[in-house]
S.K.: 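This is the structure, below, for whatever I ask next.
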Number of protein chains: 2
Amino acid sequence: MKTNLKIKVQALGDPTRMAIFERLERGPLPVGEIARGLPVTRSAVSQHLKVLKIVGLVTSQRAANRQIYRINADGVAGLRDYFDQFWRESLQAFKRAAESSLKERP
Amino acid sequence: MKTNLKIKVQALGDPTRMAIFERLERGPLPVGEIARGLPVTRSAVSQHLKVLKIVGLVTSQRAANRQIYRINADGVAGLRDYFDQFWRESLQAFKRAAESSLKERP
DNA sequence: TTTTAAGGTTAGTCTTCACTAACCGTTAGT
DNA sequence: ACTAACGGTTAGTGAAGACTAACCTTAAAA
């Protein structure tokens with residue numbers, strides 16, 4: 001599942017998609033509601049939601065006429081875990097580097 | 001500092017930049033070493049490193065001829081914290097939604 | 001001093017992709 | 001059945017930016 005992480009980051013790399021993503025943080029919303037307040041057309045929002053859904057950052061569920069989108073918490077957890085792991089690894093690398101440079105000039 | 005988060009994600013949204021970023025996970029490297037093994041020229045790598053540096057994901061330090069790049073752990077921690085916070089918030093929103101729908105059909 | 005290697009910068013090209021407009025299907029209300 | 005609202009899809013366009021090539025500076029080695 002590590003492969004998916006890159007395309008998730010890639011998906012959020014677009015500012016509009018990031019804005020949509022943040023709009024869903026507080027709870028599920030229909031497409032029209034998401035589009036309201038964004039400086040792009042509903043069509044653009046729809047396309048972005050499609051991408052976010054494909055990469056696993058949101059899910060959708062229809063209620064009659066409406067399509068309700070919500071955050072996929074598991075997808076977000078994956079991102080957090082990735083950066084947490086990355087952070088740990090780079091910190092460890094930093095320690096190793098500090099120790100070896102300490103040996104060079106004791 | 002929350003503003004920086006978006007441009008950090010935006011920076012990592014580019015696959016090549018992500019590859020460079022991951023290349024530095026295990027420890028600091030000079031530019032040439034980073035470029036080695038990547039399917040782009042050293043010039044491209046240099047430009048990408050400039051972006052990563054501006055957004056605060058890497059730092060650089062010169063050693064004689066070479067420019068050594070390393071991960072900025074604080075920058076990564078910011079990303080992790082953001083997604084962790086986002087994850088918590090969306091989970092909470094999910095619980096709220098589940099509870100209210102429970103009241104509707106008891 | 002000349003040479004070699006390392007890295008940053010710039011100009012220009014080319015590809016990617018975000019966006020709009022127009023259209024279609026679907027559902028609920030009249 | 002007709003209408004209105006909600007969403008998804010497509011084609012075409014435009015702009016952002018990733019990339020290369022050429023050039024520059026700097027530092028160490030010859």
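So that the names make sense, note that chain A is the first sequence line, chain B the second, and so on, each numbered from 1. This structure is a prediction, so every number in the text was calculated from the model and none was measured.
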S.K.: Could you list all the ring-ring contact (aromatic ring centres under 6.0 Å, His included) pairs where at least one residue sits in residues 16-55 of chain B, not counting sequence neighbours?
M.R.: A/Phe86-B/Phe21
S.K.: Run the salt-bridge test on A/Glu22 and B/Lys6 with the 4.0 Å N-O cut-off and return the result as yes or no.
M.R.: yes
S.K.: OP1, OP2 of C/dC17 versus side-chain N and O of A/His48: anything below 4.0 Å?
M.R.: no
S.K.: Look at all strands and tell whether A/Ala44 reaches a base, only sugar-phosphate, or nothing, counting heavy atoms closer than 4.0 Å.
M.R.: base
S.K.: Who passes side-chain hydrogen bond (donor to acceptor under 3.5 Å, both in side chains) against B/Gln47, sequence neighbours left out?
M.R.: B/Ser43
S.K.: For A/Leu12 and C/dA18, what is the distance between atoms CG and C1' respectively, to the nearest whole Å?
M.R.: 16 Å
S.K.: Rounded to whole Å, please give me the gap between CD1 in A/Ile54 and P in D/dG8.
M.R.: 12 Å
S.K.: How many Å lie between CD on A/Gln10 and P on D/dA18, as a whole number?
M.R.: 11 Å
S.K.: Could you tell me how far apart B/Asp14 (CG) and D/dA16 (P) are, to the nearest whole angstrom?
M.R.: 17 Å
S.K.: Mind listing the closest non-hydrogen atom pair of A/Leu38 and A/Val45 along with its distance?
M.R.: CD1-CG2, 4.2 Å
S.K.: Please report the distance, rounded to the nearest Å, between CG in B/Leu52 and P in D/dG17.
M.R.: 15 Å
S.K.: Kindly state each residue pair satisfying salt bridge (Lys or Arg N to Asp or Glu O under 4.0 Å) with at least one member in residues 29-58 of chain A, sequence neighbours excluded.
M.R.: none
S.K.: Can you check each nucleotide of nucleotides 7-12 of chain C against protein heavy atoms at under 4.0 Å and return B for base, S for sugar-phosphate only, - for none, in 5' to 3' order?
M.R.: BBBB--
S.K.: Any side-chain N or O of B/Thr41 less than 4.0 Å from the OP1 or OP2 oxygen of D/dT20?
M.R.: yes
S.K.: With DNA chain C as reference, determine whether A/Arg62 or A/Val51 sits nearer its 5' end, using the nearest nucleotide of each.
M.R.: A/Val51
S.K.: Please state whether the phosphate of C/dA18, meaning OP1 or OP2, lies under 4.0 angstrom from any side-chain nitrogen or oxygen of A/Thr16.
M.R.: no
S.K.: To the nearest angstrom, how far is A/Arg36 atom CZ from D/dC6 atom P?
M.R.: 8 Å
S.K.: Under the side-chain hydrogen bond (donor to acceptor under 3.5 Å, both in side chains) rule, collect the residues that match up with A/Arg88, sequence neighbours excluded.
M.R.: A/Asp84
S.K.: Going by ring pair (Phe, Tyr, Trp, His ring centres under 6.0 Å), name the residues that satisfy it together with B/Tyr69, two or more places apart in sequence or in a different chain.
M.R.: none
